[in-house]
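Residue numbers start at 1 and run along the sequence shown.
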Amino acid sequence: GDETTVNGVLTQFLRTRREAGLALMGAKKQGAEEEEKLRLEQERVEAEIQAETMRKLVEEKRKEAHEEQEKDAELFDVLDKKNEEAEKSRALREQMREEENKTKLAEMQAKVEESNRKAKELEEQLKQLNVAEGKSGDPPPPEKKQPKCGCVVQ
């Protein structure tokens with residue numbers, strides 16, 4: 001009966017060892033599954049964080065673009081106003097130049113009229129002097145010159 005007892009103990013030992021091995025393998029397998037679940041959960045969370053970060057970044061960029069558009073619109077408004085003011089200023093300068101030119105023209109016309117009046121006065125005085133000296137106011141008729149060749153000029 002010693003053999004059976006030794007056999008029995010040996011069998012019991014092997015069975016226990018096998019069960020312990022299976023239990024260990026099961027534990028390892030379960031640990032690997034838990035590890036895999038954990039890894040997948042971690043990846044999912046990281047992906048969510050990345051997606052949220054991207055969404056915020058896109059929103060921020062959209063907001064910045066909108067602000068840039070508003071700034072551009074304001075700039076264009078300012079430029080339009082400046083152009084309007086420049087156009088008004090140019091039109092005003094043009095109008096002033098025209099007025100100045102009209103004034104100069106009127107002054108020149110007045111000077112010409114004054115010169116003409118003085119010239120007429122002088123002409124009148126000259127005629128009166130000529131009459132006083134006994135000359136007529138008309139200039140003498142030009143003399144007809146005879147050509148040297150001896151031909152008669154009509």
### Message
Once rounded to the nearest 0.5 Å, what's the spacing between atom CG of Asn83 and atom CD of Glu87?
### Response
9.0 Å
### Task
Using a 4.5 Å cut-off on heavy atoms from C-beta on, say whether the side chain of Leu122 contacts that of Leu126.
no
### Message
I'd like to know if Glu94 pairs up with Arg97 as an ion pair, taking the criterion as any Lys NZ or Arg NE/NH1/NH2 lying under 4.0 Å from an Asp or Glu carboxylate oxygen.
### Response
yes
### Query
Is there a donor-acceptor pair under 3.5 Å between the side chain of Thr16 and the backbone N or O of Gln12?
yes
#### Entry: Inter-residue atom distance Lys28.NZ - Glu35.CD, 0.5 Å rounding
12.5 Å
### Query
Taking only residues two or more places apart in sequence or in another chain, which ones pass side-chain hydrogen bond (donor to acceptor under 3.5 Å, both in side chains) with Gln109?
none
### Query
Could you give the distance from CD (Glu124) to CG (Leu129), rounded to the nearest 0.5 Å?
11.0 Å
### Query
Roughly how far, to the nearest 0.5 Å, is the CZ atom of Arg93 from the CD atom of Glu100?
13.0 Å
### Task
Just grab all the salt bridge (charged side-chain N to carboxylate O under 4.0 Å, His left out) pairs involving residues 7-21, residues at least two apart or on different chains.
none
### Query
Do Met25 and Lys29 have side-chain heavy atoms sitting under 4.5 Å apart?
no
#### Entry: Glu33/Lys37 ion pair, N-O < 4.0 Å
no
### Message
Return the CG to NZ distance between Leu75 and Lys82, rounded to the nearest 0.5 Å.
### Response
11.5 Å
### Query
Does the pair Lys118/Glu121 count as a salt bridge with the N-to-O cut at 4.0 Å?
no
### Message
Around atom CD of Gln50, are there more than 12 heavy atoms from other residues, nucleotides or ligands closer than 6.0 Å?
### Response
no
### Query
Does Lys71 pair with Glu74 as a salt bridge, N-O distance under 4.0 Å?
no
### Query
Which one of Arg62, Lys56, Lys63 satisfies the salt bridge (Lys or Arg N to Asp or Glu O under 4.0 Å) criterion with Glu59?
Arg62
### Query
Could you state the interatomic distance from CG (Leu79) to CD (Glu84), rounded to the nearest 0.5 Å?
11.5 Å
### salt bridge (charged side-chain N to carboxylate O under 4.0 Å, His left out) evaluation trace for Lys88 with Glu85
CA-CA 5 Å; Lys88 282 179 188 172; Glu85 287 170 16; over 6 Å; no
#### Entry: Salt-bridge contact Glu107-Lys104 (side-chain N to carboxylate O under 4.0 Å)
no
### Task
Could you check Glu48, Arg44, Gln42 and say which one makes a side chain to side chain contact (heavy atoms under 4.5 Å, CB included) with Glu46?
Gln42
